[in-house]
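Structure, as structure tokens:
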Number of protein chains: 2
Amino acid sequence: MNVAECKVTIVGLGLIGGSIALGLVGKVGEVRGVDLSDEILASAKKRQMADVLSTSPEETLPHSDVVIVALYPKMAERFIKEHLELFTPGTIVMDVSSIKSQIVNRVQDMMPDGVEFLGTHPMAGREGRGIDKAREEMFLGSYYLLTPTEKNSERALEMVSNLVELLGVRKIVNLTPAEHDALVSYTSQMPHVLASLLMNGFTEPSKFLIGGSFKDATRVATINEDLWTELFLENKEHLLHEMDEFETRWSALKEAVASDDDQALRRMLKQAKDLKEKI
Amino acid sequence: MNVAECKVTIVGLGLIGGSIALGLVGKVGEVRGVDLSDEILASAKKRQMADVLSTSPEETLPHSDVVIVALYPKMAERFIKEHLELFTPGTIVMDVSSIKSQIVNRVQDMMPDGVEFLGTHPMAGREGRGIDKAREEMFLGSYYLLTPTEKNSERALEMVSNLVELLGVRKIVNLTPAEHDALVSYTSQMPHVLASLLMNGFTEPSKFLIGGSFKDATRVATINEDLWTELFLENKEHLLHEMDEFETRWSALKEAVASDDDQALRRMLKQAKDLKEKI
């Protein structure tokens, strides 16, 4: 099937769902936008985000080629579970959440015959939330991750890849759900842990000494606490492993400072500099 | 004495010294720039950073009203120690390094009669290094910290404050050297520790999952390892204390994750968000 004829339904017109809608509308056969909020649908209409806008899954899910569920992880799973009978055989269902193993596993197990679930994770758009921050160029030049399993078909992978390319991504990368979650605990969850814990040490007089390094280190402390609590707990095994790894490096640095081991300290800092310059 | 008649000698025309020179030249009686490198002096001449440029402390230090030693902490201390006989009574000597207690203590103890040392720390300009990155607006709108002790006179504090105001700073803040070092270990040294340790966990496949949060969290991993090794060790008592404090918060978060305590986790993340939004 040609992607230009594809009927895409997007559930949840927030930051990610709204941006995907903006990126696909006019380039595929039809974009249907579903959201429970009339206010969000009115905003989506004003911005011409979709060909069809509706609060009703019954009206929009059936006969979709692809359904993109752009909700928080737990809500995404619940939404799919509660609307299983609305997916027509042949439909590909995908999510966009930033953890994968458990969700992919549970959702693939519940799919009706002929309906396929593929886990995906766009590496973009983590600042702000809601439809007002959605923008067409959100995914331009960024990586887009797919986490296929043995339950996914070549056809689904190809269709989703073709769709995602319309968003202007730099590269589509396939990983197993477990590989994905191990890596994301390092690249995304750890920065949020560190930023939050650093921020929580703040005292009033510190404000005079805040410079660029502190501001950068705490930027993502403007965290959506509901979403990240879910993400941390859902991925706790990998996150705890990364925290253990961090502790090993932390202890070595602390020991070098405590024992005035300037050579070891310089070596650690130089390693960090070299790695940062490499990437 | 009017600041417009003040003769200022700046030792070391790097990022900070060069920026101070650019900020003062033409606004005070005379700016003398001292550097050991002919290349740096040629660059300073081209950018008209100073009225007098020289490699010779003998030619420039005597009869200065203010000498600003803009070298790395240990070099600053050594420079002052090796040129004590060149400071004329009445001269105010100041440094710009980002740790204070030990340096202020040791340098004030060695000052000849009638020569006064005042510790200072401009809260700006930590990106890049060297004269090429120096710019006149470096200190515009930033805090400038002074760490006077009972050995400093009102006259010196007033003179240095008047000079620093010429740089366009937002506010001059007086702290004791110990207060300063305790705060700086949190606001500046901890971000550098965290950025470096996070960076050192990098593995090749992680690169596909690097987003804005990781980039920000590791920005200062492009660290000057010689300078920061000095800074960490010189301030080790406060840094180790901050690391202990961080460990307490770290353990609480880790425990919340391990025990699926979503309420505690959400509370910690919300605290971070609220603090970040406040500052």
Side-chain angles (χ1 to χ4, degrees), chain A residues 123 126 143 173 183-184 186-188 190-194 196-202 205-214 216-223 225 228-229 232-233 236 239-240 243 245-246 249-250 253-254 257-258 260 262 265-266 268-273 275-277 279, chain B residues 123 126 143 173 183-184 186-188 190-194 196-202 205-214 216-223 225 228-229 232-233 236 239-240 243 245-246 249-250 253-254 257-258 260 262 265-266 268-273 275-277 279:
Chain A
M123 288 308 303
R126 292 293 167 229
Y143 291 111
V173 179
L183 294 170
V184 88
Y186 170 65
T187 58
S188 168
M190 282 296 288
H192 284 81
V193 165
L194 297 176
S196 300
L197 291 179
L198 181 63
M199 196 64 242
N200 283 348
F202 182 77
S206 311
K207 71 182 176 196
F208 297 121
L209 286 89
I210 286 178
S213 67
F214 186 87
D216 283 342
T218 56
R219 190 182 59 80
V220 293
T222 55
I223 198 166
E225 71 270 19
W228 285 89
T229 295
F232 287 167
L233 294 182
K236 64 185 270 192
L239 176 57
L240 290 172
M243 290 183 82
E245 296 284 309
F246 190 88
R249 305 195 293 276
W250 170 275
L253 185 137
K254 198 178 178 192
V257 171
D260 285 310
D262 61 328
L265 193 49
R266 198 175 291 113
M268 290 173 212
L269 300 182
K270 179 155 190 330
Q271 183 194 4
K273 183 174 77 173
L275 282 168
K276 179 68 178 174
E277 283 171 357
I279 66 167
Chain B
M123 288 309 302
R126 292 293 166 230
Y143 292 111
V173 179
L183 294 171
V184 90
Y186 170 65
T187 58
S188 169
M190 282 296 288
H192 284 81
V193 165
L194 297 176
S196 300
L197 291 179
L198 181 63
M199 196 64 243
N200 283 348
F202 181 78
S206 311
K207 70 181 177 195
F208 297 122
L209 286 90
I210 286 177
S213 66
F214 186 87
D216 283 342
T218 56
R219 189 182 61 80
V220 293
T222 56
I223 198 166
E225 71 270 18
W228 285 88
T229 295
F232 287 167
L233 294 182
K236 64 185 270 189
L239 176 58
L240 290 172
M243 290 183 81
E245 296 283 309
F246 189 89
R249 304 195 294 276
W250 171 274
L253 185 138
K254 198 178 176 191
V257 171
D260 285 310
D262 61 327
L265 193 50
R266 198 176 291 111
M268 290 174 213
L269 300 182
K270 181 158 188 326
Q271 183 194 4
K273 183 174 77 172
L275 282 167
K276 179 69 179 174
E277 283 171 358
I279 65 166

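Residue numbers start from 1 in every chain, and the chains themselves are labelled A, B, ... in the order their sequence lines are given, proteins ahead of strands.
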Considering only heavy atoms and a distance below 4.5 Å, find which of [options] pairs most often with chain A.
{"options": "B:Leu183, B:Leu197, B:Leu265, B:Val173", "result": "B:Leu197"}
{"options": "B:Leu239, B:Val184, B:Val193, B:Leu194", "result": "B:Leu194"}
{"options": "B:Thr222, B:Leu240, B:Leu269, B:Asp262", "result": "B:Leu269"}
{"options": "B:Lys270, B:Glu277, B:Met243", "result": "B:Met243"}
{"options": "B:Thr218, B:Leu253, B:Leu198", "result": "B:Leu198"}

Within the 4.5 Å heavy-atom criterion, are [X] and [Y] side-chain neighbours or not?
{"X": "A:Lys276", "Y": "B:Phe202", "value": "no"}
{"X": "A:Leu209", "Y": "B:Tyr143", "value": "no"}
{"X": "B:Phe246", "Y": "A:Trp250", "value": "yes"}

With a 6.0 Å cut-off on ring centres, are B:Phe214 and A:Tyr186 close enough?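 For B:Phe214 and A:Tyr186, the ring centres are under 6.0 Å apart.
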Sort [X] into side chain, backbone, both or neither according to what part of it lies under 4.5 angstrom from a heavy atom of chain A.
{"X": "B:Glu245", "answer": "neither"}
{"X": "B:Val220", "answer": "side chain"}
{"X": "B:Ile279", "answer": "side chain"}

Counting heavy-atom pairs under 4.5 Å to chain B, which of A:Ala217, A:Pro205, A:Gly201 comes out on top?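 Going by pairs under 4.5 Å, I would pick A:Gly201.
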Qualifying residues under salt bridge (Lys or Arg N to Asp or Glu O under 4.0 Å), relative to A:Lys236, sequence neighbours excluded: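 So A:Lys236 forms a salt bridge (Lys or Arg N to Asp or Glu O under 4.0 Å) with B:Asp260.
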For A:Arg249, all residues meeting salt bridge (Lys or Arg N to Asp or Glu O under 4.0 Å), sequence neighbours excluded: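 With neighbours one apart ignored, the set is empty.
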How far apart are the C-alpha atoms of A:Met268 and B:Ser196, what are their side-chain angles, what is the distance that settles it, and do they pass the side-chain contact (heavy atoms from CB on, under 4.5 Å) test? CA-CA 8 Å; A:Met268 290 173 212; B:Ser196 300; over 6 Å; no
Below 4.5 Å from any heavy atom of chain B, which atoms of A:Phe208 appear? Answer side chain, backbone, both or neither.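 For A:Phe208, backbone and side chain are both near chain B.
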